[in-house]
Amino acid sequence: MTYGITVNQSLAMILALTVLGIWSFNKVHGLIAGLIFFVVKPVIVRAAFAVDLSLNSSGGLDLLGMTPAVLLAVLIVWQIYSEASSGKRLMQGRTRTLLTVLVGLSLLSVLNPASSIMVGLGGFERNILPNMMILFAVAYLLGRLEDTDKFVKSLLLLGVVSCIYAIGQYWLGLYSWEKDWMRHVAFKDSMNGWLTIGLRGVEFRIFSVFYNYMDFTFSNVLVFSLVLAWGRQWKGGWNVLRRCYFACWAIVLVLTLERTPMLMTAVGAFAIYYLSGSPVRRKVLIWTAGISTALVIGGLNIAAPHLKNTGADKFIRLAELANPFQAGSIQDRVERKWAPTLEIIAANPLGVGIGFGSQTKVNDVARQSDYWVEPHNEILQKTLETGIAGGLVYLLLLISVFQDSRRLLRCSGNIGRLGMGMIAATLGYWLCGMVNIPFSGASGILYWTTAGVVIAAVENNHAAAEHLTNDRTPSTAVIKQPTNGVTA
C-alpha cells in the first residue's frame, strides 16, 4: 500500500486556506470567496480527478468535493455565533424568524424514523446548511452599497465564465476529464452511483449544460436578473462585460432550447422593464409582450407537428409550449410525481424526513430498493420532508423574501435596483418551483445569498432613514435623548 497526497487533496487544502486567509482580513470578501469556491468546485474536482487518474490510476479520497460545503458551513456558523455573542437577536425580522423555524423543523426531521439518519444529515447539509443558512451570515455582513456591488460583479464574472464554458462544452461535447470522472466516480457502480458520493459535487453543476444541468440554467437566470437591474449604473469595462454576458447567455438559451430557463429569463426581463418604466412605457410593454406571446404560441402551434416529427427531445419539448397543460412532462409529473407525493403527505402529515433534495426514500421498503419519490415541486418537496407545518413555513418564507424585495424596491437611489432584480429572479424561481427545485443546490445557495443581501440593504436603509430623522429633531429633543453618549 502506498501513501501520498493527491492533486485533489492538495487543491482542497490550498483553496480552503486561501478562503480562510481572505476571511481573516475581510469577512465580506472571505464569504464571497467561500461561495465561489462552493459553486465552482465540480470543475476543479473533475479536472483534479483526471490528473490523479493519469498519475496514479486512482483518484483517492475526494477531499476537494467535501471541503467547500464544510468550509462554508464553518464560516456561516462562525458568523452567527459572533453575532449572538455580541448580543444581537438571531431571529431578527420576519424572514430570519421563519428561516429559523424551518431550520428547526428540518433538523428534527433528520431523526424521522422513515428515513435513515445518514440520509437525513446529508439532506440537511445540502438543503439547509449551508444552502439556506447563508442568509444569516450575509444579512449581517453585506450591508454597504459597495459590498452589494462587489457581490453582483462577482456573480457577473461567474456567469460569464460559466456561459463560455458551457458554449465550449456544447460544441466540443463532454470534456475527456468529465467522461473519466463520470465513468470512474459518478456512475462507477450503477446508474444510481451519483447518489452514493455525497458531497462530491455531482449535484452542484453550475458549469455544465449536460446531464441534468438545472443548476447551471437556474443560477444564470438569477445572475441575469441581478445584472440586468443593478448593472445599469456600471460604466466602462464592467458595462462591456455585462453586455458580453447577455450575449453569451442568449447563445446558451438558443443552443439548449430549454423551455424553463427561457420562460424564467423572459419573465425576469419583463418584470425589470415594467418596474423601471413610466406608466406610458408600461402600457407599451404590456401590449408588446402580449402580442409577442400570441405570435410565439401561434407559431409553435403551426410548427408543433414538424418539430415533433424530428424525434429530437429538445424540439418536442419546445413544441409542447404551444399548450403547456398538455405537455407530456407535465402529465408525467401529475401522474408519477405529484399525485404519489400528495398521497404520502396525506399519510405522513409530520413528514418522512429530509432527503438529498430532489429524491427521498420514504419507508423501509423504499430504502431497500431503488424507488425514490421525486416531487419536482419546491413546496411539495419541503412538505414531504418536514410535514405540513414545514411546507407552510417554507411557503411563508418565500413570500417573506419577496416582500423584503418589494420594500427595497421602494427605496430611492441605486439600492432600489437590487430589489427590482430580486423580484424578477423570485418570480422566475416561483414559476420554475412549480415543476422543479431551483431553491436547492448551487442555484439555491445563490438565491438565499441574494436574499441575505436584500435583508441587509433593507435594514441599513431603514437605519439610515431613522438616523436622518433624529438629525432633524429639535435640539430640545436631542438633549432628552442623547445619542452615543454625545450631549448638546
Side-chain angles (χ1 to χ4, degrees), residues 89-115 119-121 123-136 139 218 333-334 337-363 373-407 422-423 425-441 443-445 447-448 450-452 454-455 458:
R89 290 192 305 117
L90 295 182
M91 296 176 66
Q92 175 183 347
R94 178 187 60 235
T95 301
R96 274 180 280 202
T97 300
L98 288 169
L99 180 53
T100 303
V101 174
L102 181 64
V103 169
L105 291 172
S106 300
L107 190 57
L108 286 176
S109 76
V110 170
L111 304 176
N112 193 307
S115 182
V119 170
L121 289 173
F124 184 80
E125 179 279 330
R126 182 172 189 252
N127 292 285
I128 308 299
L129 179 66
N131 196 285
M132 295 179 68
M133 287 184 66
I134 195 171
L135 181 150
F136 284 101
F218 300 161
R333 281 172 169 78
V334 171
K337 295 178 172 59
W338 297 340
T341 299
L342 290 172
E343 292 177 1
I344 296 171
I345 290 173
N348 300 271
L350 297 180
V352 299
I354 280 268
F356 283 111
S358 61
Q359 297 180 317
T360 304
K361 289 191 174 183
V362 296
N363 53 45
V373 178
E374 299 179 75
H376 266 284
N377 177 289
E378 282 285 352
I379 302 300
L380 291 182
Q381 179 74 46
K382 287 297 182 291
T383 305
L384 173 69
E385 293 180 337
T386 60
I388 295 175
L392 179 60
V393 171
Y394 189 71
L395 176 61
L396 293 175
L397 175 63
L398 295 181
I399 295 174
S400 182
V401 171
F402 183 78
Q403 289 297 99
D404 290 335
S405 302
R406 287 189 60 194
R407 288 177 60 191
M422 189 58 170
I423 287 175
T426 299
L427 291 176
Y429 270 50
W430 282 1
L431 175 67
C432 178
M434 293 187 290
V435 295
N436 222 308
I437 51 170
F439 295 94
S440 300
S443 59
I445 199 170
Y447 179 86
W448 296 111
T450 308
V454 168
I455 291 173
V458 169

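Given the structure is predicted, the values throughout are model-derived calculations rather than measurements.
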Is the backbone N or O of [Y] less than 3.5 Å from a side-chain atom of [X], with the two atoms forming a donor-acceptor pair by type?
| X | Y | value |
| --- | --- | --- |
| Ser443 | Pro438 | yes |
| Thr100 | Arg96 | yes |
| Asp404 | Thr95 | no |
| Asn377 | Met434 | yes |

How about [X] and [Y]: do any of their side-chain heavy atoms sit closer than 4.5 Å?
| X | Y | answer |
| --- | --- | --- |
| Phe402 | Met422 | no |
| Val435 | Trp338 | yes |
| Val103 | Met132 | no |
| Lys382 | Glu378 | yes |
| Phe218 | Asn436 | yes |

Atom pair [atom1] ([X]) and [atom2] ([Y]), whose distance is rounded to the nearest 0.5 Å:
| X | Y | atom1 | atom2 | value |
| --- | --- | --- | --- | --- |
| Ser440 | Tyr447 | OG | OH | 12.5 Å |
| Leu427 | Cys432 | CG | SG | 13.0 Å |
| Leu384 | Leu342 | CG | CG | 9.5 Å |
| Thr97 | Leu90 | OG1 | CG | 10.0 Å |
| Ile134 | Ile445 | CD1 | CD1 | 4.5 Å |
| Ile379 | Trp430 | CD1 | CH2 | 9.5 Å |

Leu98 and side-chain contact (heavy atoms from CB on, under 4.5 Å): which partner among Ile399, Leu398, Leu396, Val401? Leu396
Could you pull out the closest heavy-atom pair between [X] and [Y], with the gap in Å?
| X | Y | answer |
| --- | --- | --- |
| Thr383 | Gly391 | OG1-CA, 3.2 Å |
| Glu385 | Ser109 | O-CB, 3.6 Å |
| Ser106 | Ile128 | OG-CD1, 3.6 Å |
| Met133 | Leu129 | SD-CD1, 3.9 Å |
| Pro375 | Gln381 | CD-OE1, 3.2 Å |
| Ile423 | Ser405 | CG1-CB, 3.6 Å |

Which residues satisfy the ring-ring contact (aromatic ring centres under 6.0 Å, His included) test with Tyr394, sequence neighbours excluded?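 For Tyr394, no residue satisfies ring-ring contact (aromatic ring centres under 6.0 Å, His included) once neighbours in sequence are set aside.
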Just wondering, more than 12 heavy atoms not from Arg94 lying within 6.0 Å of its CZ? yes
Is the ring pair Phe439/Tyr429 parallel, tilted or perpendicular, if the boundaries are 30 and 60 degrees? perpendicular
